[in-house]
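Here's the structure, in structure tokens; my notes come after.
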Protein chains: 2
Amino acid sequence: MKKEIDNKLNLKNIKPTAMRQLVLQVLTEQKTAISLPELEQKFEKADKATLYRTLKTFQENKLIHSIEDGSGSLRYALCQDNCECDPEDLHVHFLCTNCNQTFCLKDIPVPTINLPSSFSLESVNMVVKGVCSNCKK
Amino acid sequence: MKKEIDNKLNLKNIKPTAMRQLVLQVLTEQKTAISLPELEQKFEKADKATLYRTLKTFQENKLIHSIEDGSGSLRYALCQDNCECDPEDLHVHFLCTNCNQTFCLKDIPVPTINLPSSFSLESVNMVVKGVCSNCKK
DNA sequence: AATAACTTTGCAACCCGGTTGCATGAACTT
DNA sequence: AAGTTCATGCAACCGGGTTGCAAAGTTATT
């Protein structure tokens with residue numbers, strides 16, 4: 001619903017332009033994390049750079065998070081409601097080596113790592129690769 | 001020592017060409033995981049494609065492992081002696097956001113993840129980002 | 001309502017890591 | 001020595017990501 005989309009944007013202090021509404025729409029319908037090229041394909045005609053910058057603003061305002069998907073490219077997915085993208089907020093991601101989809105394992109938080117005390121922690125990227133349930137059959 | 005280098009190669013069934021000896025030499029001296037472009041710079045004149053293929057054979061023969069370093073590119077480091085690159089053999093990597101070096105945290109194994117039973121596990125890429133001890137001072 | 005100031009969009013171009021095709025060259029086989 | 005196989009070097013390409021810049025759209029100011 002249009003209202004909800006605008007709401008989400010407003011909540012994160014993102015001006016609701018047409019483009020942004022559309023992109024958020026797609027991200028909302030999307031069950032798996034999506035890459036920029038994939039997002040591009042969801043539109044008839046859309047400019048890569050604009051989408052790129054849209055994702056960037058979304059990420060800066062913590063509406064979405066990104067992960068390196070384990071195959072060299074970035075994927076994006078909506079954050080949980082009160083996610084601040086701090087290490088505690090992060091979950092594990094799963095890349096299916098067959099269908100190439102990336103799943104957010106939202107209920108598997110990234111395990112805590114005991115870094116040497118001389119290292120400081122900012123974020124964690126954890127991607128598990130394997131075969132997903134759809135492809136295993 | 002030349003002998004040791006050749007030994008390592010032979011042990012993994014890799015024909016010890018001049019190029020391979022040189023690359024293994026560099027990897028041995030290297031304390032942190034190195035990227036292909038970085039490796040290129042270690043030589044006066046060397047072909048990217050050759051280095052690329054050298055790394056690839058090294059990896060196929062489990063002499064080195066690779067990780068997505070958290071900034072979109074791949075880095076390579078020598079495997080531990082009896083590493084088979086199975087999930088149990090893997091360790092956590094650390095990317096310093098300041099000096100951009102990637103450290104193998106050899107004594108921190110990748111934590112076990114309880115995947116939904118419908119998912120099968122092949123490998124794990126875990127990169128922690130933060131500031132390393134050298135840069136923290 | 002008109003102008004100025006700022007933001008977003010679209011296009012083109014670029015960068016860079018990774019990768020492949022192909023021809024030459026080295027090493028091993030008979 | 002001829003033939004096969006494998007390694008190397010060069011060039012070219014691909015694709016994801018990123019930037020500069022000018023046009024279009026918004027918002028603020030008078």
ask   = Is the distance between the ring centroids of A:Phe119 and B:Phe94 less than 6.0 Å?
value = yes
query = Got a donor-acceptor contact below 3.5 angstrom from the B:Thr50 side chain to the B:Ala46 backbone?
reply = no
Distance, rounded to the nearest Å, where A:Gln41 contributes CD and D:dG16 contributes C1' = 13 Å
request  = Would you indicate which nucleotide in C:dT9, C:dT20, C:dG17 comes nearest to any side-chain atom of A:Thr17?
outcome  = C:dT9
key: Pairwise distance OG1(B:Thr54) to OH(B:Tyr76) - rounded to 0.5 angstrom   = 11.0 Å
task = Identify which nucleotide among C:dG18, C:dA13, D:dA7 has an atom closest to any side-chain atom of A:Lys48, counting heavy atoms from C-beta outward.
result = C:dA13
inquiry  = Let me check the geometry of the helix from C:dA1-D:dT30 to C:dT30-D:dA1. What is the bend angle between the axes at its two ends, five pairs each, to 10°?
reply    = 10°
inquiry  = Would the distance check show the side chain of A:Glu68 and the main-chain N or O of B:Gly72 forming a donor-acceptor pair, the cut-off being under 3.5 Å?
reply    = yes
task = Please state whether the phosphate of C:dT19, meaning OP1 or OP2, lies under 4.0 angstrom from any side-chain nitrogen or oxygen of B:Tyr52.
result = yes
remark   = Rounded to whole Å, CG of B:Asn100 lies from C1' of C:dC16 at a distance of 14 Å
inquiry  = Rounded to whole Å, how long is the line connecting atom CG of A:Leu51 with atom C1' of D:dT18?
reply    = 14 Å
query = Roughly how many Å is it from CG in B:Leu36 to P in C:dT20, rounded to a whole number?
reply = 13 Å
message = Please report the distance, rounded to the nearest Å, between CG in A:Leu55 and C1' in C:dT8.
response = 15 Å
ask   = For the side chain of A:Asp89 and the backbone of A:Asp86, is there at least one donor-acceptor N/O pair under 3.5 Å apart?
value = yes
task = Find the distance A:Asn13:CG to C:dT7:C1' and express it as a whole number of Å.
result = 16 Å
Closest to the B:Pro37 side chain, choosing from D:dT8, D:dC10, C:dG17 = C:dG17
inquiry  = Do A:His93 and A:Leu105 have side chains that approach each other closer than 4.5 Å (heavy atoms only, starting at C-beta)?
reply    = no
query = Should B:Thr50 be listed as having a side-chain N or O under 4.0 Å from OP1 or OP2 of D:dG9?
reply = yes
inquiry  = Between A:Glu38 and A:Arg75, does any NZ, NE, NH1 or NH2 come within less than 4.0 Å of an OD or OE carboxylate oxygen?
reply    = yes
task = Can you tell me the distance, in whole Å, between the CZ atom of B:Phe43 and the P atom of D:dT8?
result = 11 Å
task = Check whether the side chain of A:Arg53 and the base of D:dG20 form a donor-acceptor pair under 3.5 Å.
result = yes
task = Could you tell me the separation between the CG atom of B:Asn61 and the P atom of D:dA7, rounded to a whole number of Å?
result = 10 Å
Residue whose nearest DNA chain C nucleotide is more 5′ - A:Arg20 or B:Ser73 = A:Arg20
